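What follows is a set of notes on a single structure, which appears directly below.
Here the structure is a predicted model, which is why all the values come from computation and not from measurement.
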Amino acid sequence: TLLKVGGIEIKNLGSLEAAGEDIENYHTQVYLYPIGFRSESEYYCCFNPQTKVTYSSEILKGQEGKPLFRVSHQNGRPEGVFEAPSASTPWVRLLAAINKRRKE
């Protein structure tokens with residue numbers, strides 16, 4: 001762990017250099033999206049919402065040289081991986097999966 005902020009552990013800061021010629025796609029005036037950034041935090045399980053598990057949040061190099069944001073369940077099952085080209089969408093999808101399970 002490089003840094004712990006509240007319940008979030010920063011595991012890797014990533015690098016903007018990894019974006020190469022696509023670097024313009026990996027930052028805004030407000031945010032940086034370094035490729036390889038990874039953090040971990042505990043949240044309700046998308047398979048059993050009565051328990052908490054560790055989720056990994058990552059920034060990857062996506063298609064067309066744009067960032068891909070991934071949130072994945074600690075067990076690595078494909079149905080526990082949520083990806084999107086925006087930072088918030090994987091978390092929104094995770095919350096939807098948890099809420100769906102709670103209603104079952």
- Would you say the side chains of Lys11 and Thr1 form a donor-acceptor pair under 3.5 Å? yes
- What's the spacing between Lys4 NZ and Ser41 OG if we round to 0.5 Å? 10.5 Å
- Query: If you round to the nearest 0.5 Å, how far is CD of Gln74 from NZ of Lys52?
  - Reply: 13.0 Å
- Donor-acceptor pair, side chain of Tyr55 and main chain of Tyr44, under 3.5 angstrom: yes
- Query: Could you state the interatomic distance from CD (Glu58) to CD1 (Ile35), rounded to the nearest 0.5 Å?
  - Reply: 12.5 Å
- What one should report as the nearest heavy-atom pair of Val71 and Ser57 is CG2-OG, 4.2 Å
- Task: Answer yes or no: does atom CD of Gln63 have more than 12 heavy-atom neighbours from other residues, nucleotides or ligands under 6.0 Å?
- Result: no
- So which heavy atom on Arg101 is nearest to which on Cys46, and how close? CG-O, 3.0 Å
- Note on the structure: All heavy atoms of Ser15 vs all of Ala18, minimum pair found to be OG-N, 3.5 Å
- Would you mind listing the cluster partners of Leu68? Hydrophobic ones only (ILVMFWY), side-chain contacts under 4.5 Å, chaining allowed. Leu60
- Message: Can you give me the closest heavy-atom contact between Lys61 and Ala19, atom names plus distance?
- Response: NZ-O, 3.5 Å
- Do the non-hydrogen side-chain atoms of Phe69 and Trp91 ever get within less than 4.5 Å of each other? no
- Task: Report yes if the side chains of Phe37 and Asn12 come closer than 4.5 Å at any heavy-atom pair, otherwise no.
- Result: no
- Task: Provide the closest heavy-atom pair for Ser39 versus Ile8 in the form atom of the first, atom of the second, distance.
- Result: CB-CG2, 3.8 Å
- Query: Just by modelled atom types, is the Leu32 backbone N or O under 3.5 Å from a matching donor or acceptor in the Tyr26 side chain?
  - Reply: no
- Task: Flag yes if Tyr33 and Leu3 sit in one hydrophobic cluster, no otherwise; membership is Ile, Leu, Val, Met, Phe, Trp, Tyr, and two members link when side-chain heavy atoms are under 4.5 Å apart.
- Result: yes
- Is it true that atom CD of Gln29 has more than 12 heavy atoms of other residues, nucleotides or ligands lying nearer than 6.0 Å? no
- Message: Please report the interatomic distance OG(Ser86) to NZ(Lys66), rounded to the nearest 0.5 Å.
- Response: 12.5 Å
- Could I get the full list of side chain to side chain donor-acceptor pair (under 3.5 Å) partners for Arg70, not counting sequence neighbours? Glu83
- Message: Working to the nearest 0.5 angstrom, can you tell me the gap between Leu16 CG and Asp22 CG?
- Response: 12.0 Å
- Message: If you compare all heavy atoms of Phe47 against all heavy atoms of Asn75, which two are closest, and at what distance to 0.1 Å?
- Response: CE1-ND2, 3.6 Å
- Full working for side-chain contact (heavy atoms from CB on, under 4.5 Å) between Phe82 and Val92: CA-CA 9 Å; Phe82 306 89; Val92 170; over 6 Å; no
- Message: Please report the interatomic distance CG(Leu13) to CZ(Arg38), rounded to the nearest 0.5 Å.
- Response: 11.5 Å
